[in-house]
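Comments concern the structure below.
Each chain gets a letter, A, B and so on, in the order its sequence line appears, and its residues count up from 1. Computed from a prediction, not measured in an experiment: that's the story for all the values here.
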Protein chains: 2
Amino acid sequence: MRKGEETRTRILDVAEAAVLQKGFGGTSIEELIAETGITKSGFFYHFRDKNELAKALLNRYIENDERIYDEIFSRARELTGDPLQSFLLGLKLLSELLSDLPNGHPGCLVATVCYYERLFDREIQETNRNAVLAWRRRFGLMLREIMAVYPPREPVDVDQLADMVSSVLEGGIVLSKTLKEPNTLAEQVLMLRTFVKMLFLPVVEMPRVSGGSAFHGSAEPH
Amino acid sequence: MRKGEETRTRILDVAEAAVLQKGFGGTSIEELIAETGITKSGFFYHFRDKNELAKALLNRYIENDERIYDEIFSRARELTGDPLQSFLLGLKLLSELLSDLPNGHPGCLVATVCYYERLFDREIQETNRNAVLAWRRRFGLMLREIMAVYPPREPVDVDQLADMVSSVLEGGIVLSKTLKEPNTLAEQVLMLRTFVKMLFLPVVEMPRVSGGSAFHGSAEPH
DNA sequence: CCCCTCCTGTACCGGCGGTACAGTTTTCAG
DNA sequence: CTGAAAACTGTACCGCCGGTACAGGAGGGG
């Protein structure tokens with residue numbers, strides 16, 4: 001039946017917004033059913049308990065998150081064949097997407113769950129862990145492609161560099177939310193972009209005669 | 001009286017550990033008094049309500065946090081006069097301190113409060129905001145000193161770069177906790193160190209004849 | 001000795017998560 | 001159109017928790 005799915009989605013929508021603002025412990029089921037316009041029995045028809053709500057919420061969030069990254073980086077990939085340029089472009093697109101959010105980033109459920117670990121069962125913690133590992137794999141894959149072509153200026157561990165992307169995003173969200181400066185997150189992503197650019201793009205020798213900024217679309221493979 | 005302060009501190013200790021594991025909403029006063037060995041009345045003698053507990057908790061956490069950064073970076077400052085080298089050394093010391101934590105970083109209360117905004121009054125949100133701004137000021141000050149001597153290889157905004165330190169720390173904590181990899185946080189700090197090093201340290205021309213890694217303790221002032 | 005700090009004990013309130021279960025409406029397949 | 005399953009509503013109840021109120025007690029310092 002489709003009506004059920006629709007109600008379920010509405011509950012999840014309301015719950016997600018509430019949880020990102022007040023945490024799981026701060027979000028009451030009563031308030032969710034009030035805003036959704038459903039009864040308590042109706043709520044428990046869809047979710048056995050709060051833990052199952054959290055599970056559904058987190059899974060949906062992660063899926064959506066993955067979808068967004070897929071879109072952004074595949075779009076970037078279409079625009080340029082070079083792995084470094086497409087990664088840099090992806091970060092640019094990501095920062096634009098983030099700065100286009102009208103009220104800033106609402107918060108990351110992965111971080112919320114992280115700061116709530118003891119309230120949930122192992123399954124949900126494992127889901128969360130896998131989400132972060134998926135980020136590591138995703139960015140790690142792209143970075144390995146880059147490193148196959150561009151030797152990094154400094155020796156770096158690929159996984160650690162991949163984690164840096166996640167770190168800056170998660171940290172940027174915290175900063176942005178706390179400071180109430182929606183743009184901080186986007187700026188942090190661009191700062192990360194500068195880092196990646198500096199790490200892989202060969203040193204541009206100051207041109208002696210001809211001006212203009214040299215744009216290296218390709219460089220010597222190693 | 002000193003006995004009162006002692007009990008208060010004990011409550012705060014227990015509360016801090018609990019809040020970092022379960023969030024504010026997930027931490028019950030009853031569990032705090034059980035673990036502290038105090039009665040409910042005793043608890044409410046020290047704190048009017050949960051909000052005031054949160055306020056005391058956050059203030060104490062921030063003070064301690066500031067103290068740690070003061071120590072680390074003043075120690076680094078004593079060891080070298082160069083602003084860049086002392087900053088890089090500070091990050092090194094910080095990463096060592098973080099990797100020495102036996103069970104990994106327990107979590108940042110600033111982030112916890114950030115993901116709980118709506119549950120607290122404006123005062124506590126303002127306190128949180130100011131804590132992040134203090135970080136920005138602290139790291140910004142050091143970075144400005146660096147930039148007065150070392151021209152950055154890429155144009156960067158000082159405040160954004162200062163925020164990068166906070167971002168990586170906050171994000172690293174989330175990753176470390178979620179992955180249950182205590183060392184990830186320390187690695188992220190070192191990765192940030194690489195970024196700063198690369199940004200400010202002049203390009204090392206590959207030595208044609210003599211080997212060994214050239215370590216630039218000083219460079220030309222701009 | 002008294003007062004102030006630092007609690008304990010008891011009783012109570014309302015909100016919330018959760019359970020149980022009976023009954024009703026909606027939806028869709030046959 | 002029908003019937004059964006899906007998608008709810010309504011009601012009653014439990015125990016935990018945050019919070020309030022207030023009386024009283026131990027213990028130390030002036």
Side-chain angles (χ1 to χ4, degrees), chain A residues 1-58 60 112-113 115-121 123-124, chain B residues 1-58 60 112-113 115-121 123-124:
Chain A
M1 309 273 160
R2 227 185 38 257
K3 180 85 182 306
E5 275 306 306
E6 193 193 299
T7 306
R8 208 183 128 96
T9 302
R10 223 167 64 243
I11 296 174
L12 287 174
D13 287 341
V14 172
E16 185 170 318
V19 166
L20 287 175
Q21 285 186 341
K22 293 172 293 189
F24 280 100
T27 302
S28 74
I29 292 179
E30 313 243 342
E31 109 189 55
L32 295 182
I33 66 179
E35 200 165 336
T36 321
I38 209 178
T39 61
K40 209 175 195 178
S41 316
F43 175 88
F44 284 106
Y45 171 76
H46 288 285
F47 305 98
R48 208 180 310 126
D49 52 23
K50 229 183 175 184
N51 198 47
E52 201 171 287
L53 172 69
K55 217 174 285 181
L57 221 47
L58 183 61
R60 196 181 72 144
T112 305
V113 169
Y115 274 104
Y116 254 96
E117 37 170 343
R118 296 272 173 228
L119 276 186
F120 300 119
D121 56 24
E123 186 188 339
I124 206 166
Chain B
M1 306 275 161
R2 227 183 39 255
K3 181 85 182 304
E5 275 306 306
E6 194 192 298
T7 306
R8 208 183 127 97
T9 302
R10 222 167 63 243
I11 296 173
L12 287 175
D13 287 342
V14 171
E16 185 169 316
V19 166
L20 287 175
Q21 284 188 343
K22 294 172 292 191
F24 280 100
T27 302
S28 73
I29 292 178
E30 313 243 340
E31 111 188 53
L32 296 182
I33 67 179
E35 200 165 337
T36 322
I38 209 179
T39 61
K40 207 176 198 179
S41 317
F43 175 88
F44 283 107
Y45 171 77
H46 288 287
F47 306 98
R48 209 179 308 128
D49 52 23
K50 229 182 176 184
N51 199 44
E52 201 171 286
L53 172 69
K55 217 175 283 182
L57 220 47
L58 183 62
R60 197 182 72 144
T112 306
V113 169
Y115 275 104
Y116 253 97
E117 38 170 344
R118 295 271 174 231
L119 239 53
F120 300 119
D121 55 25
E123 187 188 338
I124 206 166

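- The distance from atom CZ of B/Phe47 to atom P of D/dG18 is 15 Å, rounded to the nearest whole Å.
- Here the side chain of B/Asp13 pairs no donor or acceptor atom with the backbone of B/Glu16 at under 3.5 angstrom.
- Formation of a donor-acceptor pair under 3.5 Å by the B/Lys22 side chain with backbone atoms of A/Gly25 is not found in this model.
- Distance A/Leu53 CG to C/dG17 C1': 12 Å, rounded to the nearest Å.
- Here the C1' atom of nucleotide C/dC6 and the CZ atom of B/Arg10 are 12 Å apart, to the nearest Å.
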Every protein N/O within reach of nucleotides 22-26 of chain D N/O, cut-off under 3.5 Å:
none

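- Annotation: side chain to side chain donor-acceptor pair (under 3.5 Å) contacts of A/Asp49 (sequence neighbours excluded): none.
- Shown here for B/Arg8 and B/His46, the closest heavy-atom pair between the two residues is NH1-O, 3.7 Å.
- Of all the heavy atoms in B/Ala18 and B/Glu31, the pair that sits closest is CB-OE2, 4.1 Å.
- Between the CG atom of B/Leu53 and the CZ atom of B/Phe43 there is a distance of 4.5 Å, given to the nearest 0.5 Å.
- Considering only side-chain atoms of B/Asp49, the nucleotide from D/dA6, D/dG19, D/dG10 that sits closest is D/dG19.
- Residue A/Tyr45 places no side-chain N or O under 4.0 Å from the OP1 or OP2 atom of D/dC8.
- Evaluation of atom-type donor-acceptor distances gives no pair under 3.5 Å for the side chain of B/Lys40 against the base of C/dG9.
- Contact annotation: side chain of B/Lys50 to base of D/dG19, donor-acceptor pair absent below 3.5 Å.
- Although no hydrogens or angles enter the test, the distance criterion places a donor-acceptor pair under 3.5 Å between the side chain of A/Asp121 and the main chain of A/Ile124.
- Side-chain nitrogen and oxygen atoms of B/His46 include none within less than 4.0 Å of the OP1 or OP2 phosphate oxygen of C/dC6.
- In this structure, A/Ile38 atom CD1 and C/dT26 atom P are separated by 14 Å, rounded to whole Å.
- Near DNA chain C, meaning a heavy atom under 4.0 Å from it, residues 28-37 of chain B has no residue at all.
- Between the CZ atom of A/Phe44 and the C1' atom of D/dA7 there is a distance of 16 Å, given to the nearest Å.
- Following rounding to the nearest Å, A/Ile11 (CD1) and D/dA7 (P) show an atom-to-atom distance of 12 Å.
- Within 6.0 Å of CD on B/Glu35 lie no more than 12 heavy atoms contributed by other residues, nucleotides or ligands.
- Atom CZ of B/Phe24 is separated from atom C1' of D/dC17 by 17 Å (rounded to the nearest Å).
- For the pair B/Glu5 CD and C/dT5 P, the computed distance is 13 Å after rounding to whole Å.
- Here the straight-line distance linking atom CG of A/Leu12 with atom CZ of A/Arg10 works out to 11.5 Å at 0.5 Å rounding.
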